[in-house]
*Asks:* 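First, the structure itself, so that you have it in front of you.
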Amino acid sequence: MSEHDEKKLDANGSSRRKFLKNSGIAAGGVVVGGALGGLIGLNDKGGDTATKDTEPEQQDQALEYFTNRADFDLLGQATERIFPEDENGPGAIGLGVPYYIDHQLAGKWGINAKDYRQGPFFDGKHNPGGEVRLGEGQEQPNLGYQSQLKYHQVYDLGIEAIEKYSQATFNEKFTALDGEKQDEVLVALENDEVDIAGIKSSFFFNILRQSTLEGAYADPLYGGNKDMQGWKMKEYPGVQLSYTNEQVESEEFIEIKPESLHNTFFN
Amino acid sequence: MVTKLPKTDVVTIGVGWTGGIIAAEASKAGLKVVGLERGPNRGTANFSMKHDELRYAIRGELMQDLSRETLTFRHKSSQRALPMRQYGSFMLGNGVGGAGTHWNGMTDRYNPYDFEIRSKTIERYGEGKIADGLLIQDWGITYDEMEPYYTMFDKMAGISADETPLRGERSEPFPNPALIHGPELDLFKETTEKMGLDPFIIPAANNSQPYKNPDGQQIAACQMKGFCERFGCEYGAKASPNVTVVPTALKTGNFDLRPHSEVVEVLHKDGKATGVIYVDTRTGERFEQPAEIVAITSYTFNNNRLLLNSNLGTPYNPETGRGTVGKNYCYQVIVGTDGFFDDRKFNTAIGSGGLGATLDNFNADNFDHTDLDFLHGGTVIINQPGKRPIENNQVPPGTPKWGKEFKKQSLKYYNRLLNVHTYGAVMPHVNNYLDLDPTYKDVHGNPLIRMTFDYSETDRKRGHFLNNQTKKIMQEMGATHVSENESVEHYDITTYQATHNTGGVIMGADPETSAVNNYLQMWEADNVFVVGGSAYPHQSGYNATHTLAALAYRASEGIIKFSKDGGKLA
Ligand SMILES: Cc1cc2nc3c(=O)[nH]c(=O)nc-3n(C[C@H](O)[C@H](O)[C@H](O)COP(=O)(O)OP(=O)(O)OC[C@H]3O[C@@H](n4cnc5c(N)ncnc54)[C@H](O)[C@@H]3O)c2cc1C
């Protein structure tokens, strides 16, 4: 550790120093792990580098998966109904959740890269989340994802089905519906009342809900949880590298300003 | 083409907790050990970005890549098994340290009752107490014989704890004091004490203070910031193979650690293993590694699969009950109760993986089963692990799952939620077993292991009973709302419960009913040791690792003895 960094640690108050001593990491001058490298630079959070009054650039808010803006807008509005803006703070759109989902679909999750993908696949129509039709007396619950669709295809089909259902039911584009009617479409989706080739519509709904929560609460690194507002609303402190004994044992709830991976390690 | 390498004394298949312990003990004793691990090498320096719930907890960054290999599953043998295409109920380790790299650290000894479960049950209740179809058997070892090995693990890992009422006696005090804890654990302790129960802080492998173990390895102090289960520790403060037994083995100069080396076959001739075949997962090259002793330490599923794919041992036949490999597969009954507190707020994000309070009043045979229609029980736990925001969005019963009300309530209760749950035992049943899948293959074209498993009546009843206890405790703790009891009708492979899969290569005193003796030496090939939870004849009501680690110490002793004298050790 350079002198410069020592000073930074000092300037940040005593708790870090205590943590260094208590942890045994630097015991006897021997660095036990790789963590110390991570500590350097972790203390210049906020302070003089963050310029509050200029709008931070959001270069990551562009599309790397969706090609048609209409699909992306539909997705955004659906996620907003699941996690709406309210008096607590922003909803899915304000948190950047649609960008989060776009980026995930473009990556290895979108192509199910770590899933087992060998066939045979069984009767995808009733899968997953429902019984697998394997023949008389063979129905069994709880076998998990068995469809041969990849997640990006699930999203493509799901978005297409939502649009079709809105048109058929309300004679209107999903994005033109008011919130209540959009909710009706989502309820139908949740109750398996929307036709989607290859999967039950509740499965798409559950995935959409899960992705929305991920986008709200994953580290901002992934494009959602904008300005850590998801964490702030939840009073979740994000990346904290240690808690003091007093904090652990506190009878009272302690408010802690959230930190992200970027702020902690790359700022 | 297969390149034949020079012979070694011992080869371990996998370098997780069991492989790491054997590597350390055997190499300290002067044996040359080769550790073949299919995943990458890694250590504390690789975990600096670990505060990333999406990458590690949700996407399973450190876990076995299921696109290469998984298992298949069905509830009963009349059904067709389908592959587990994604993670759910458990997560499989991959890489040096195995699942020991990303475990939580709760460290439970099994109960003295467990090791002699059949004899003790009959002694107290008569043979009629054991329901038809249950394959309950003694382990061929007693708690007193296990005790020294448990203590070896305690010292190596620097287990932090104080007292453990209603568990087996310990020969030595814990090496470190219990971790400090928050008010939620006090609430649990005070409430259950008032109910006449005996709560205590769970022994944890997350060290409460800096600790140097007997091998000279330094373990740092836990920083109480969560991210343990499914994550490596960036401080080296959680005992894992990576900061203990692996460096200890390497220090001897006798340990040759080879990551990216996936074993596909155990070679054998005339009842003796001659070595293994492995593939370099990056280049695809094949090697033969000859060895005097083969230690199969690849976790329950691959311990079974490697034996079956190598035609070593006699496969269990559920029709006739003959054969042993694949028999007595067990899991755990995990049910619990959420409590929502309107008038209290907790520091939910603060904690440590192994931190919690527990009680054993409803575990093992610590309570009278005379009027109950099940055997065994489970440990009752409240954790303080540092809960993460994507995975924790519980809302009181009756709240919608999405929309305005959901958002409001899930935000409100994130810091007002406690959970009391159980790790319940599972009794072995004739219908539950592991064998090779006839259809699905791994990336090399070898059959996957097939799990046939569901709860039997005794497991369901135990589950209901334990869920009632967790609910009662949560109500007594003063929760404003409590969740409904969970279903234990059928085993659910889609929702995470615990990576505590056991059985298939079980230990015992009789070669007719067990695959390995009490040194985990195979009855049918005496230079093969099959080490892990695969050796458990049943699953107890505890976290699974301490016992398999203790058995790895016992197996190491056996391996060292065998290398000198040969022959059957028991
Ligand atoms: C998220 C999580 C939390 C947990 N928390 C707890 C806890 O709090 N308390 C507790 O008691 N237990 C816990 N466990 C369980 C614990 O991790 C395991 O019991 C323990 O690691 C098992 O040790 P093992 O040596 O049998 O297997 P592992 O530690 O998994 O090691 C097996 C190794 O073998 C390798 N391998 C497999 N097949 C091959 C092959 N063909 N060739 C080469 N290498 C191979 C694997 O890659 C792996 O590294 C947890 C597990 C998980 C996943």
Side-chain angles (χ1 to χ4, degrees), chain A residues 19 22-25 27 30 32-35 37-38 81-84 86 88 109 113-118 120 122 132 134 137-138 140-146 183 209 213-214 217-219 221-222 230-231 233-237 239-243 245 247-251 253-254 261 265, chain B residues 43-49 51-54 58-60 65-67 70 73-75 78-80 82-86 88 180-183 210 218 220-221 223-225 234-237 345-347 349-350 389-390 393 401-404 407-408 411 414-415 439-441 490-494:
Chain A
F19 138 68
N22 294 346
S23 72
I25 279 185
V30 182
V32 174
R81 294 313 298 170
I82 291 173
F83 200 82
D86 65 0
N88 293 298
W109 182 75
K114 283 182 84 177
D115 288 3
Y116 184 76
R117 298 289 301 165
Q118 292 187 35
F122 277 87
V132 183
L134 297 169
Q138 295 256 310
Q140 44 176 337
N142 304 335
L143 286 180
Y145 195 57
Q146 295 296 337
D183 283 357
R209 177 184 180 273
L213 293 175
E214 288 171 7
Y217 298 126
D219 191 276
L221 147 70
Y222 296 99
W231 291 347
M233 284 189 282
K234 213 168 185 171
E235 298 183 285
Y236 172 73
V239 180
Q240 300 292 326
L241 298 185
S242 74
Y243 293 107
N245 291 5
Q247 286 174 311
V248 174
E249 292 180 329
S250 170
E251 290 285 333
F253 182 73
I254 309 165
L261 285 169
F265 296 109
Chain B
T44 304
N46 297 105
F47 305 131
S48 65
M49 288 300 121
H51 283 258
D52 187 338
E53 183 184 12
L54 183 72
I58 309 288
R59 303 282 187 253
D65 180 351
L66 296 182
S67 74
T70 185
F73 165 69
R74 58 184 177 177
H75 280 117
S78 60
Q79 297 167 329
R80 178 196 290 271
L82 293 184
M84 180 180 86
R85 297 187 181 277
Q86 303 178 334
I180 57 164
H181 60 267
Q218 182 74 44
Q223 296 304 306
M224 309 298 280
K225 36 85 208 131
E234 80 276 42
Y235 293 112
K345 227 168 145 182
F346 304 95
N347 291 297
I350 301 181
I390 301 174
N393 288 286
K401 268 172 60 191
W402 54 279
K404 200 169 157 50
K407 182 183 174 194
K408 189 174 151 200
L411 292 177
Y414 171 67
N415 283 306
T439 309
Y440 293 98
K441 307 275 192 283
H490 294 292
Y491 166 60
D492 172 11
I493 197 170
T494 66

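For clarity, every value in this text was computed on a predicted model and none was experimentally measured. Proteins come first, then strands; the chains are lettered A, B, ... in the order of their sequence lines, and each starts at number 1.
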*Asks:* Could you tell me which portion of B/F346 (side chain, backbone, both or neither) has an atom closer than 4.5 angstrom to a non-hydrogen atom of chain A?
*Replies:*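 Contact with chain A is through the backbone of B/F346 alone.
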*Asks:* Using 30° and 60° as the class limits, which term best fits the ring planes of B/H75 and B/H490: parallel, tilted or perpendicular?
*Replies:*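 It falls in the tilted class, 30° to 60°.
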*Asks:* If we define contacts as heavy-atom pairs under 4.5 Å, which of B/N46, B/T439, B/D65, B/N393 has the most with chain A?
*Replies:* B/N393
*Asks:* Of the non-hydrogen atoms in A/L241 and B/H51, which two are nearest, and what is the gap between them?
*Replies:*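 Heavy atoms only, the tightest pair is CD2-NE2, 3.9 Å.
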*Asks:* Hey, which of B/T70, B/D52, B/N347 has the most heavy atom pairs under 4.5 Å with chain A?
*Replies:* B/N347
*Asks:* Determine the option with the most heavy-atom pairs under 4.5 angstrom with chain A, choosing from B/M224, B/Q86, B/H181.
*Replies:* B/Q86
*Asks:* Tell me, side chain or backbone of B/A237 under 4.5 Å from chain A's heavy atoms, or both, or neither?
*Replies:* neither
*Asks:* Side chain, backbone, both or neither: which part of B/L66 has a heavy atom under 4.5 Å from chain A?
*Replies:* both
*Asks:* Heavy-atom cut-off 4.5 Å, strictly under: side chain, backbone, both or neither for A/R117 against chain B?
*Replies:* backbone
*Asks:* So which of B/E53, B/K401, B/K408, B/R59 has the largest heavy-atom pair count under 4.5 angstrom toward chain A?
*Replies:*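 That would be B/R59.
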*Asks:* Select, from A/D115, A/I254, A/N88, the one with the greatest count of heavy-atom pairs under 4.5 Å involving chain B.
*Replies:*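 With the most close heavy-atom pairs to chain B, the winner is A/D115.
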*Asks:* Identify which part of B/N415 has an atom lying under 4.5 Å from any heavy atom of chain A, answering side chain, backbone, both or neither.
*Replies:* side chain
*Asks:* Do B/K225 and B/E234 meet the salt-bridge criterion of a basic N to acidic O distance under 4.0 Å?
*Replies:*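 A salt bridge is present here (some side-chain N lies under 4.0 Å from a carboxylate O).
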*Asks:* At a heavy-atom distance under 4.5 Å, which candidate from B/G182, B/G43, B/G403 has the highest pair count against chain A?
*Replies:* B/G403
*Asks:* Between A/P120, A/S250, A/A218, A/P237, who has the most heavy-atom pairs with chain B when the cutoff is under 4.5 Å?
*Replies:* A/P120
*Asks:* Salt bridge check: are A/D86 and B/K407 linked by an N-O gap of less than 4.0 Å?
*Replies:* yes
*Asks:* Calculate, to the nearest 0.5 Å, the distance between atoms CG and CZ belonging to A/L221 and A/F265 respectively.
*Replies:* 12.0 Å
*Asks:* Are B/K345 and A/E251 within salt-bridge range, i.e. N to O under 4.0 Å?
*Replies:*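 Not counted as a salt bridge, because no side-chain N and carboxylate O are separated by less than 4.0 Å.
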*Asks:* Given a strict heavy-atom distance threshold of 4.5 Å, which part of B/I58 is in contact with chain A: side chain, backbone, both, or neither?
*Replies:* side chain
*Asks:* Using only atom types and a distance under 3.5 Å, with no angle test, would you say the side chain of B/K404 pairs donor to acceptor with the backbone of A/P84?
*Replies:*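 No; judged by distance alone, with no hydrogens or angles, the pair does not exist.
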*Asks:* So, for B/T494 and B/D492, which heavy atoms are closest and what is the spacing to 0.1 Å?
*Replies:*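 Where B/T494 meets B/D492 most closely, the heavy atoms are OG1-OD1, 2.6 Å.
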*Asks:* I'd like to verify something: which residue of A/Q118, A/Q247, A/R81 has the highest number of heavy-atom pairs under 4.5 Å with chain B?
*Replies:* A/Q118
*Asks:* With ring centroids as reference points, do B/Y491 and B/F73 lie under 6.0 angstrom apart?
*Replies:* yes
*Asks:* Side chain, backbone, both or neither: which part of A/L261 has an atom under 4.5 Å from a heavy atom of chain B?
*Replies:* side chain
